Amino acid sequence: MTKPSLADKRKTFRALHERGCFVIPNPWDAGSARYLQGLGFKALATTSSGFAFSQAYPDGGVPLDRVLAHFQELTDASDLPINADFESGYADDAAGVIRNVRRCIDTGVAGVSIEDATGNKDDPLFPLDEAVARIAAARKAIDDSKQDVMLVGRAEGFLVGRPDLDDVIGRLKAYSAAGADILYAPLIKTREQIEAVVKAVAPKPFNFLNSANFGFSVDDLAAMGVRRISVGGTLARVAWTAFVHAAREIATEGRFTKFDGNMPNSDFNAFFSADRKNRTL
């Protein structure tokens with residue numbers, strides 16, 4: 001199997017956003033990326049939390065160099081385009097965002113997400129003008145690179161305890177005007193909220209975060225106008241939840257009932273053996 005070029009990956013990624021609706025799941029290491037590719041998904045996105053937990057860090061706590069190395073690992077491991085969860089750009093100001101987005105692009109990603117969360121629980125969102133400047137800085141870094149990388153503008157209000165839909169919509173419109181190709185508002189979850197945001201950012205695509213069982217299928221979300229669906233760190237948390245429940249049962253009860261129903265080693269050996277063979281053809 002011929003490995004697609006970086007240009008091919010980026011071209012495929014842009015085309016996915018032009019029509020219809022697709023799911024972009026979030027692996028946290030090379031193995032989960034390859035398995036998701038094997039299931040037929042067309043693109044992948046990193047998860048800051050999923051990767052952080054695997055490295056024994058809290059979400060947002062992984063140093064930039066390690067994050068960039070992780071992006072490189074995933075782009076090298078997968079034939080699919082990768083969207084980078086680049087948090088708020090790992091920088092204190094717009095100039096730093098430019099520098100870091102340039103480094104992010106160099107890892108081979110097809111998309112870069114920049115959010116407006118500060119990481120400060122007492123003041124969780126950047127002021128609008130500063131947030132817009134950071135999106136514009138990321139846009140400049142991409143344009144200057146001459147690479148076909150898509151920019152995702154994220155309004156984090158609902159995620160950080162500021163669930164003001166009008167403010168989120170206003171921010172998304174401002175990020176769109178500043179150069180974001182895709183708009184994203186994590187943790188909105190009702191039909192009314194989703195449809196309002198989709199309408200507000202149209203014709204640009206909207207990314208919906210399906211981080212729990214909100215009762216919507218892919219077809220339901222497509223009918224609302226959602227262009228892409230990500231799951232954030234949820235798949236990683238599914239794995240961690242199974243691990244924690246099993247480990248706690250062993251530690252506290254001396255029992256192993258949580259091992260029931262596990263996929264056998266042979267299934268994983270078969271998948272990764274075939275996968276590795278295909279990569280060497």
Side-chain angles (χ1 to χ4, degrees), residues 13-14 16-24 26 43 45-48 83-89 91 94 97 101 104 110-120 123-143 149-212 214 216 220-232:
F13 194 56
R14 187 168 292 276
L16 284 170
H17 292 83
E18 291 175 355
R19 63 186 62 83
C21 179
F22 68 101
V23 179
I24 181 168
N26 304 70
T46 71
T47 160
S48 62
N83 191 106
D85 177 354
F86 208 45
E87 302 195 46
S88 58
V97 172
V101 169
C104 183
V112 178
S113 296
I114 298 291
E115 63 190 46
D116 56 10
T118 64
N120 178 355
D123 190 16
L125 295 174
F126 287 108
L128 180 58
D129 59 346
E130 188 174 348
V132 168
R134 298 168 78 86
I135 294 292
R139 178 78 266 163
K140 176 174 172 52
I142 292 171
D143 292 345
V149 173
M150 300 189 77
L151 175 60
V152 184
R154 292 178 46 148
E156 304 287 290
F158 277 74
L159 194 63
V160 300
R162 299 283 180 86
D164 183 334
L165 187 62
D166 289 339
D167 180 65
V168 163
I169 287 174
R171 284 172 174 265
L172 291 179
K173 287 183 174 180
Y175 303 159
S176 177
D181 300 298
I182 305 153
L183 289 313
Y184 185 1
L187 226 59
I188 66 168
K189 55 189 176 183
T190 70
R191 178 180 296 274
E192 292 74 21
Q193 291 167 344
I194 296 165
E195 290 179 341
V197 173
V198 166
K199 181 179 179 180
V201 304
K204 291 189 176 178
F206 175 66
N207 181 106
F208 177 68
L209 174 65
N210 207 108
S211 57
F214 297 132
F216 302 125
D220 292 334
L221 291 165
M224 295 180 217
V226 170
R227 188 60 52 82
R228 82 180 197 187
I229 304 163
S230 58
V231 299

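Just so it is clear, the model here is predicted, and its values are computed rather than measured. Heavy atoms only: backbone and side chains are in, while hydrogens, waters and symmetry mates are out.
Between V132 and A174, the closest heavy-atom pair is CG2-CB, 3.7 Å. Residues A43 and L16 share a closest heavy-atom pair of CB-CD1, 3.8 Å. Summarising the geometry of A138 relative to V97, their closest heavy-atom pair is N-CG1, 3.9 Å, with the distance given to 0.1 Å. Taking both residues in full, the closest heavy atoms of E87 and S48 are given as OE2-CB, 3.4 Å, listed atom of the first, atom of the second, then distance.
Proximity of V152 to I114: side-chain heavy atoms (C-beta onward) are nowhere separated by under 4.5 Å. With a 4.5 Å cut-off on side-chain heavy atoms, V112 and C104 count as touching. Within the 4.5 Å cutoff, side-chain heavy atoms of L165 are placed close to those of F158. Between F13 and I24 there is a side-chain heavy-atom pair separated by less than 4.5 Å.
Under the ring-ring contact (aromatic ring centres under 6.0 Å, His included) criterion, F22 pairs with H17, sequence neighbours left out. Among residues two or more places apart in sequence or in another chain, the side chain to side chain contact (heavy atoms under 4.5 Å, CB included) test is passed with V160 by A117, P124, L125, E156, R162.
Residues D166 and R171 are not paired through a salt bridge, judged by the lack of any N-O separation under 4.0 Å between the basic side chain and the carboxylate.
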When the side chains of residues 182-191 are checked against the rest of the protein, which donor-acceptor pairs come out under 3.5 Å, sequence neighbours left out?
{"residue": "Y184", "atom": "OH", "partner": "S230", "partner atom": "OG", "Å": "3.3"}
{"residue": "T190", "atom": "OG1", "partner": "Q193", "partner atom": "N", "Å": "3.1"}
{"residue": "T190", "atom": "OG1", "partner": "Q193", "partner atom": "OE1", "Å": "3.4"}

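Checked by atom type and distance alone, the side chain of K204 pairs as donor or acceptor with a backbone atom of A180 at under 3.5 Å. Side-chain atoms of R139 come within 3.5 Å of backbone atoms of G179 as a donor-acceptor pair (strictly under, hydrogens ignored). A donor-acceptor pair under 3.5 Å is absent between the side-chain atoms of N83 and the main chain of A45, judged by distance alone. Between the side chain of R227 and the main chain of G20, a donor-acceptor pair closer than 3.5 Å is present. The closest donor-acceptor contact from the side chain of T46 to the backbone of D85 lies under 3.5 Å. In this structure a side-chain-to-backbone donor-acceptor pair under 3.5 Å is missing from N210 to I229.
Taking CG of D129 as the reference point, atom CZ of R134 lies at 11.5 Å (rounded to 0.5 Å). Remark: C21 SG to L221 CG distance equals 6.5 Å, nearest 0.5 Å. Expressed to the nearest 0.5 Å, how far CG of L209 lies from CZ of R228 amounts to 11.0 Å. Rounded to the nearest 0.5 angstrom, D116 CG and F126 CZ are separated by 8.5 Å. Rounded to the nearest 0.5 angstrom, K199 NZ and M224 CE are separated by 16.0 Å. We find the CG-OG distance between N207 and S113 to be 7.0 Å, quoted to the nearest 0.5 Å.
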Exercise for review: Kindly indicate, with the supporting measurements, whether the criterion side chain to side chain contact (heavy atoms under 4.5 Å, CB included) is fulfilled by Y175 and V201.
Suggested key: CA-CA 10 Å; Y175 303 159; V201 304; over 6 Å; no
